[in-house]
Amino acid sequence: MNAPDESVVHGSKASPKDLPALDKLLRDCAPLVAEHGHTLVAKEARALLDGLRTRAVAGALPRSEVDALPQTLETHVQARMQPAMRAVLNLTGTVIHTNLGRSLLADAALAQVLALMGSPNNLEFDLQAGARGDRDDLIEGLLCELTGAEAATVVNNNAAAVLLGIAALARGKEAIVSRGELVEIGGAFRMPDVMSAAGATLVEVGTTNRTHPRDYEQALTPHTGLIVKVHTSNYQVQGFTSSVDEATLAPIARKAGVPLMTDLGSGALVDLSKYGLPAEPLPQSMLAAGCDVVTFSGDKLLGGPQAGLIVGSKAAVGRIRKFPMKRALRLSKLPFAALEATLRLYLRPERLLQDLPTLRLLTRPQDQIAELAQRLLPEVAKAVAPRFTVETVALQSQIGSGSLPIERLPSAGLALTAVDGRGRTLEALSTALRGLPRPIIGRINEDRLLLDLRCLEEPALLTSQLGLLKEALA
Ligand SMILES: *Cc1c(COP(=O)(O)O)cnc(C)c1O
C-alpha cells in the first residue's frame, strides 16, 4: 500500500470502483490473516467494505479512508478480540461494588486459579482412595474449622444458598419470616418471590417495625417446615423497633422441631470491629446462638469469589446437600479454587490485613488517602485544564454490597468542577474518563465529579492515562 499523497487526500472523494475487492484487501493484509485466520478477518473486511461502499455511492467517502483500509481493518479485528469485560478503576468510593465485580481476589486466590484452571485437578476425585470424590470434601473441613459448624457446603452464590436452603427444608411446607425482614436484595431477589420459587408457603409474622417471640410461636403449625431470619443488610429500620434475635428464636424452633435458618447476606468471618470497622454478624456467633443453617456470600466482606456458603448442623446441611436442586446450583471449579485459597487466609488472621484486598481497602487510613490525593492533584489538574478545576476533598466511602448500609468510612479524593459550570460538561468529563483504556469510574455529586482514591492502590494506573485524558478533552 502506498502512502497517501497529502495534496490529493483533502477534498478528494472515492467512488465505489476505488474500493478493493475483498480478495485483494485480504491479500494486502496477509499478516493479519495469518494471525487471526480467514474467518474473522474476512467477516470484518466485508462489513467494512459494505459500509464504505454505501458512503462511496453517496459521494461521501474521502479517498484517504480507502487508503487507510488495511489499518482500519486491523483496528476492527483487534477490537473484536478485545474482551467486553475489562479492568476498570473503581473510584466511586464504594469498596465492594456489585456493578464493578465486588471483592478483588487475594494474590493467593489468583495464583490458585492460574495454577489449577489450565490443568486437570482433583475437584471430584479422592486422591487417597483413587475413586470418585465430592467437591465439598475439599472445603468442608476448613469451613467447619473457621465457623465452628458441624457441616458445610457451597453453591453458586448466596441467593442460590437461600433458595436451596428454603427448598430443601421447607418445600411443600410453611416458612415463617418476620415482616421486618422481607427484603429485596436487588436484581429481583425478593424474599416472598424466593419463597414461592422454592415451593414454600410464606407465613409473615409481626409488623414492619416490630416482631416478638410470641409472633413466631403463634405462627407455628404442623405444616411449618422452617423459620427464616434475614439480615436486613441494605436498609435499617430505626426508631420504635424490635426484632427477635437468633438466640431467642433457636429454642422456640427447637421445641417445635423446626430448623432455624439465617441469611446473613455479607457475613464476615472475623470481627470487623477489631479493625475499626462497624461490626457485622458472624456465622460462628449465629451457629453458637443455635441456628441450624447460616448462609452468606463469598464475594462481599469475605473478600473472595462469587459463592454462596452454607454452614450448619449435620442434619440440615445433609438435607440441603441431598436436595436435587443442589446439583444445578453447585459452585464451579474456577470460583471453587479461589474460595478455598481465600478461606485458607483466614487461618492466619494476623496477616489478613495484608492478604485480603477487601479488608486492606476498607481499613485504609484517611490520612494516607488524603496524601495520595494531594500528590496526584497537580498532574490531574494539568490534564483537565482549562475546562475543569481540581481540588482535594474529604469524602465518605461506603462498604457496599448491602453490607453495613448506613456506615461511612472517612476517605479523601479529588473533586473536579467544570469552569463553565454546566452539567453537560461534567457528563462529558465522566464519559472521557470511562473511555480510557482502563476506564476510570467516579461519581457525580451535585456539580462536581468526585474521585474517591480509597481503592486506588496503584496510582500509576491513573497517572499513566492522563495524557490520553487530556487528548480526549481537547
Ligand atoms: C447480598 C445478599 C444476598 C445475595 O447474595 P449473593 O451472593 O449476591 O447472591 C442475599 N441475602 C442478603 C441479606 C444479602 O445481603
Side-chain angles (χ1 to χ4, degrees), residues 94-105 109 139 143 152-169 175 177-198 200 202 226-237 243 245-246 260-269 272 278-283 285-286 291 293-312 320 325-326 328-332 334-336 338-339 342-343 358 362 398-407:
T94 300
V95 178
I96 309 173
H97 199 303
T98 293
N99 303 149
L100 302 181
R102 291 197 183 157
S103 278
L104 316 182
L105 290 185
I139 218 165
L143 265 172
T153 185
V154 290
V155 288
N156 180 61
N157 56 14
N158 186 37
V162 175
L163 176 70
L164 178 63
I166 295 170
L169 302 175
V177 188
S178 160
R179 289 198 171 86
E181 298 171 9
L182 290 172
V183 304
E184 172 178 317
I185 310 299
F189 187 82
R190 310 170 101 188
M191 205 33 90
D193 302 336
V194 174
M195 285 280 175
S196 59
L202 170 64
L226 184 66
I227 299 178
V228 182
K229 282 280 295 177
V230 185
H231 186 50
T232 56
S233 49
N234 52 6
Y235 68 99
Q236 261 186 10
V237 182
S243 61
D245 64 16
E246 282 81 351
L260 170 63
M261 171 169 137
T262 191
D263 169 23
L264 288 187
S266 199
L269 277 181
L272 295 179
E280 267 281 297
L282 304 172
S285 345
M286 292 296 141
C291 289
V293 179
V294 182
T295 72
F296 52 105
S297 269
D299 57 356
K300 291 183 180 172
L301 285 167
L302 184 77
Q306 179 186 305
L309 291 83
I310 303 174
V311 296
I320 290 172
M325 197 191 276
K326 164 72 165 51
L329 302 175
R330 74 181 183 189
L331 188 62
S332 124
L334 210 144
F336 198 101
L339 179 62
T342 307
L343 289 172
T358 299
L362 288 173
Q398 297 186 40
I399 294 173
S401 265
S403 315
L404 316 153
I406 56 173
E407 305 286 351

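Sequential numbering from 1 along the given sequence is applied to the chain's residues. Whatever order the structure lists them in is the order used to number ligands and atoms, beginning at 1.
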Counting from 1, what ligand 1 atoms have a heavy atom of [X] closer than 4.0 Å?
X: R102; result: 6 (P), 7 (O), 8 (O)
X: H231; result: 13 (C)
X: A159; result: 4 (C), 5 (O), 6 (P), 9 (O)

Discussion item. Does V162 form a side-chain contact (heavy atoms from CB on, under 4.5 Å) with V230? I'd like the steps, not just the answer.
Written reply: CA-CA 10 Å; V162 175; V230 185; over 6 Å; no
Item to complete: Answer side chain, backbone, both or neither: which part of K300 comes under 4.0 Å from ligand 1, heavy atoms only.
Response: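 K300 to ligand 1: side-chain contact only, backbone stays beyond 4.0 Å.
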Worksheet item: Relative to atom 3 (C) of ligand 1, which among N158, V155, I96 owns the nearest non-hydrogen atom?
Response: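 Checking each option, the heavy atom nearest atom 3 (C) of ligand 1 is found in N158.
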Worksheet item: With a 4.0 Å cut-off on heavy atoms, does D263 reach ligand 1?
Response: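 It does, in that a heavy atom of D263 comes within the 4.0 Å cut-off of ligand 1.
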Worksheet item: Counting distance only, does the side-chain N/O of S401 pair as donor-acceptor with the main-chain N or O of H97 below 3.5 Å?
Response: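 No, S401 side chain to H97 backbone: no donor-acceptor pair under 3.5 Å.
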Item to complete: Kindly say whether L301 contributes a backbone atom to a donor-acceptor pair with the side chain of S266 at under 3.5 angstrom?
Response: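 Answer holds: yes.
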Worksheet entry | OG1-CG distance between T342 and L302, expressed to the nearest 0.5 angstrom |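 It is 6.5 Å, given to the nearest 0.5 Å.
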Worksheet item: Quick one: do the E246 and T262 side chains pair a donor with an acceptor below 3.5 Å?
Response: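 Yes, a side-chain donor-acceptor pair sits under 3.5 Å.
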